[in-house]
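Reviewing the structure listed below.
This is a predicted model, so every value here is computed, not measured. Side-chain atoms are counted along with the backbone in the values below, which use heavy atoms only and exclude waters and symmetry mates.
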Amino acid sequence: MDTAYLLDWANLLLRWLHVITVIAWIGASFYFVWLDNHLTKPEAEDLKAKGVDGELWAVHGGGFYNPQKYMLAPAALPKDLHWFYWESYWTWMSGFALFVVLYLANAGQMLVDPRVYAWGAPWQAVCAALGFLIVGWLLYDAACRVFGTARDGAVLTASAVIVAVAAVLACQLFAGRAAFVIVAAMIATWMTANVAHWIIPGQRKVIASMRAGEKPDPIHGQRGKQRSVHNTWFGLPVLIGMLSNHYGMLWQHPHNWAVLLVLMAAGVAIRIFFVQRHKGASNWGAVVVAVGLLAGLVVWLAPKPVAAVAAPVSTAQVLAIAQQRCVVCHGEALAQKGVRLDSLEALEQHRAQIHQQVVVQRVMPLNNATGLTDDERALIARWTTP
């Protein structure tokens, strides 16, 4: 079978798996944050005697639920404990596999943009991209270790600085689309590493101590709680970072690093509102910040209107450009995504798509590999604009 065809299937299935596991992981994370913020102190003496610190009554799907949270753990551990970690692991593994298929395996086209940075060879860009994931985690983890759980504000400030520096560097080294994914993947790596190296191991140590009849060290719970809260703040910035790479109007901007950081800051503000809403407070200031940041981006990135000209642009003129810039991927020999642009009829058929992909989002040609000039893009804009 054709390799490109098989890669399309790998892309589809890995993306599907990734979305499924993201829903499972982020959904569970959001639920437990909501649960923690809605627990109330028990009034029943038997619950207090058992060490229950908070409880909640809820109704769903025709049944009643009564979750209870203990100050540390019940006196006797139940035989069956439900753990929440495979959702996180599979989210990262499926996302990394998708990153390999889409970007690392095709680094010369997807990671490297000579106009941004001229790598000596694609493998160097691959190593640098992986370096962002590894070094980013080491720096974030070091900040958590240095400042500890008592100075979490300092940890979050350091994390924001790391993300900002990473965004600037990535956008100076990689194609814009890849840079957005790399920064989001770096933060996603922090989230899964938090689960794998701190949250779950800490829980296992607490359980091991209890089964041995020893008093658990509370530091494990404190560290696990800290990393879990961090994951709450990181979730929406990661999601918008991943989604935004599909919109060329964002990562094609000359200051794309600033665009990415504003989007991620809006994600944090949105999450702040919902977390505090769960606690019974409405922080409308966070909503104003998020809406203001997004509205500012809309205005900042708005395309400039095309100046009216006396002579209209003909489809034949656009075909001449397409023959030079587009047909290599959208011709008879190779019609990517089933789109051909090698005839007047084909151009007319795909006029709306061309306007969206070439003029508005500036996604095509991919990483401008064929060197479409600004003048040519402006000519196409005049052709597609009524």
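- In Arg151, the CZ atom is not crowded: 12 or fewer heavy atoms of neighbouring residues, nucleotides or ligands sit closer than 6.0 Å.
- Side chains of His220 and Pro216 form no contact here, defined as non-hydrogen atoms less than 4.5 Å apart.
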Check the pair His330 / Arg340 against side chain to side chain contact (heavy atoms under 4.5 Å, CB included), numbers first and verdict last. CA-CA 4 Å; His330 297 286; Arg340 290 181 60 174; 5.5 Å; no
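- Aromatic ring pairs are classed by plane angle as parallel below 30°, tilted from 30° to 60° and perpendicular above 60°; the pair Phe273 and Trp284 is tilted.
- At least one side-chain heavy atom of Leu294 sits less than 4.5 Å from a side-chain heavy atom of Leu263.
- Geometrically, Arg15 does not engage Phe99 in a cation-pi contact defined by less than 6.0 Å to the ring centre and at most 45° from the axis.
- Closest approach of Ala154 to Phe147, counting heavy atoms only: CB-CD2, 3.6 Å.
- Checking side-chain atoms of Asn37 against main-chain N and O of Val33 turns up a donor-acceptor pair under 3.5 Å.
- Side-chain N or O atoms of His18 include none that pairs as donor or acceptor with a backbone N or O of Ser94 at under 3.5 Å.
- In this structure a side-chain-to-backbone donor-acceptor pair under 3.5 Å is missing from Gln357 to Ile354.
- A donor-acceptor contact shorter than 3.5 Å links the side chain of Arg377 to the backbone of Val358.
- Checked by atom type and distance alone, the side chain of Asn11 never pairs as donor or acceptor with a backbone atom of Leu102 at under 3.5 Å.
- For Trp83, the CH2 atom is densely surrounded, since the number of other residues' heavy atoms within 6.0 Å is greater than 12.
- Among all heavy-atom pairs drawn from Ala322 and Leu347, the shortest one is CB-CD2, 4.3 Å.
- Put simply, the side chain of Val155 does not reach to within 4.5 Å of the side chain of Thr149, judged on heavy atoms.
- A distance of 12.5 Å separates CG in Leu12 from CG in Leu7, rounded to the nearest 0.5 Å.
- Listed by chain and number, the residues in a side chain to side chain contact (heavy atoms under 4.5 Å, CB included) with Ile272 are Trp233, Val268, Gln276, Asn283, Ala286 (sequence neighbours excluded).
- A distance of 10.5 Å separates OG1 in Thr91 from CD1 in Ile20, rounded to the nearest 0.5 Å.
- For residues 17-28, there are no salt bridge (Lys or Arg N to Asp or Glu O under 4.0 Å) pairs, not counting sequence neighbours.
- Closest non-hydrogen pair, Leu77 versus Met210, comes out as CD1-CB, 4.0 Å.
- Scanning for salt bridge (Lys or Arg N to Asp or Glu O under 4.0 Å) contacts around Arg227 gives Asp141, with sequence neighbours left out.
- More than 12 heavy atoms of other shown residues, nucleotides or ligands fall within 6.0 angstrom of atom NE2 in His246.
- Scored by the side-chain hydrogen bond (donor to acceptor under 3.5 Å, both in side chains) test, Lys225 finds Asp36 as partners (sequence neighbours excluded).
- For Arg271 and Thr232, the side-chain atoms include no donor-acceptor pair closer than 3.5 Å.
- Looking only at atom types and distance, the side chain of Thr315 has a donor-acceptor partner in the side chain of Glu348 under 3.5 Å away.
- Annotation: side-chain hydrogen bond (donor to acceptor under 3.5 Å, both in side chains) contacts involving residues 152-169, sequence neighbours excluded, comprise Asp152-Gln226, Asp152-His230.
- Side-chain atoms of Trp257 and Leu260, non-hydrogen and from C-beta on, never get closer than 4.5 Å to each other.
- Side-chain N or O atoms of Gln353 include none that pairs as donor or acceptor with a backbone N or O of His350 at under 3.5 Å.
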Applying side chain to side chain contact (heavy atoms under 4.5 Å, CB included), run through Tyr85 and Ile199 and close with a yes or a no. CA-CA 9 Å; Tyr85 56 88; Ile199 298 173; over 6 Å; no
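- Side chains of Val318 and Val313 form a contact here, defined as non-hydrogen atoms less than 4.5 Å apart.
- Criterion: ILVMFWY side-chain heavy atoms under 4.5 Å apart, direct or through other members. Under it, Trp16 and Leu6 are part of a common hydrophobic cluster.
- Using cut-offs of 30° and 60° for the angle between ring planes, the Tyr117 and Trp119 rings count as perpendicular.
- You'll find the side chain of Val299 stays beyond 4.5 Å of the side chain of Leu297, heavy atoms only.
- Inter-residue side-chain proximity for Ile200 and Tyr89 is flagged as met; some heavy-atom pair is nearer than 4.5 Å.
- Applying the salt bridge (Lys or Arg N to Asp or Glu O under 4.0 Å) rule to pairs touching residues 16-31 yields nothing, sequence neighbours excluded.
- Other members of the cluster containing Ile23 are Val19, with ILVMFWY side chains joined at under 4.5 Å, either directly or via other members.
- Residue Ile219 shares its hydrophobic cluster (ILVMFWY side chains chained together at separations under 4.5 Å) with no other residue.
- Between Gly267 and Leu236 the shortest heavy-atom distance is O-CD1, 3.5 Å.
- Phe234 is not connected to Trp34 by any chain of hydrophobic side-chain contacts under 4.5 Å among Ile, Leu, Val, Met, Phe, Trp and Tyr, and they are in different clusters.
- By the criterion of side-chain heavy atoms lying less than 4.5 angstrom apart, applied directly or through intervening Ile, Leu, Val, Met, Phe, Trp or Tyr residues, Val195 is grouped together with Trp86 in one hydrophobic cluster.
- With no hydrogens or angles considered, no side-chain donor-acceptor pair links Ser244 and Trp251 at under 3.5 Å.
- Side-chain atoms of Ser209 come within 3.5 Å of backbone atoms of Lys205 as a donor-acceptor pair (strictly under, hydrogens ignored).
- Taking the six-membered ring for Trp and thresholds of 30 and 60 degrees, Tyr65 and His60 have ring planes inclined between 30 and 60 degrees apart.
- Between Asn231 and Trp25, the closest side-chain pair of non-hydrogen atoms falls below 4.5 Å.
- No more than 12 heavy atoms of other residues, nucleotides or ligands shown are found within 6.0 angstrom of OH on Tyr247.
- Looking at every heavy atom in both residues, Met191 comes nearest to Val238 through SD-CG2, 4.0 Å.
- Under the side-chain hydrogen bond (donor to acceptor under 3.5 Å, both in side chains) criterion, the residue pairs touching residues 169-191 are Trp92-Thr189, Arg177-Asn245, with sequence neighbours excluded.
- Every pair passing side-chain hydrogen bond (donor to acceptor under 3.5 Å, both in side chains) that includes a residue from residues 318-328 is listed here, sequence neighbours excluded: Arg325-Glu376.
- There is a path of hydrophobic side-chain contacts, each under 4.5 Å, that joins Val165 to Ile162.
- Grouping the Ile, Leu, Val, Met, Phe, Trp and Tyr side chains by contacts below 4.5 angstrom, directly or via other members, places Ile182 with Leu139.
- Less than 6.0 angstrom separates the ring centroid of Phe174 from the ring centroid of Phe132.
- Heavy atoms of other residues, nucleotides or ligands lying less than 6.0 angstrom from CH2 of Trp90 number 12 at most.
- Sorted by first and then second residue, the side-chain hydrogen bond (donor to acceptor under 3.5 Å, both in side chains) pairs with a member in residues 42-54 read Lys41-Asp53; sequence neighbours excluded.
- For CZ of Phe30, the number of neighbouring non-hydrogen atoms (other residues, nucleotides, ligands) closer than 6.0 Å is greater than 12.
- Contact detail for Leu301 and Met249: the closest heavy-atom pair is CD1-O, 4.0 Å.
- Listed by first and then second residue, the salt bridge (Lys or Arg N to Asp or Glu O under 4.0 Å) pairs that reach into residues 88-116 are Asp113-Arg115, sequence neighbours excluded.
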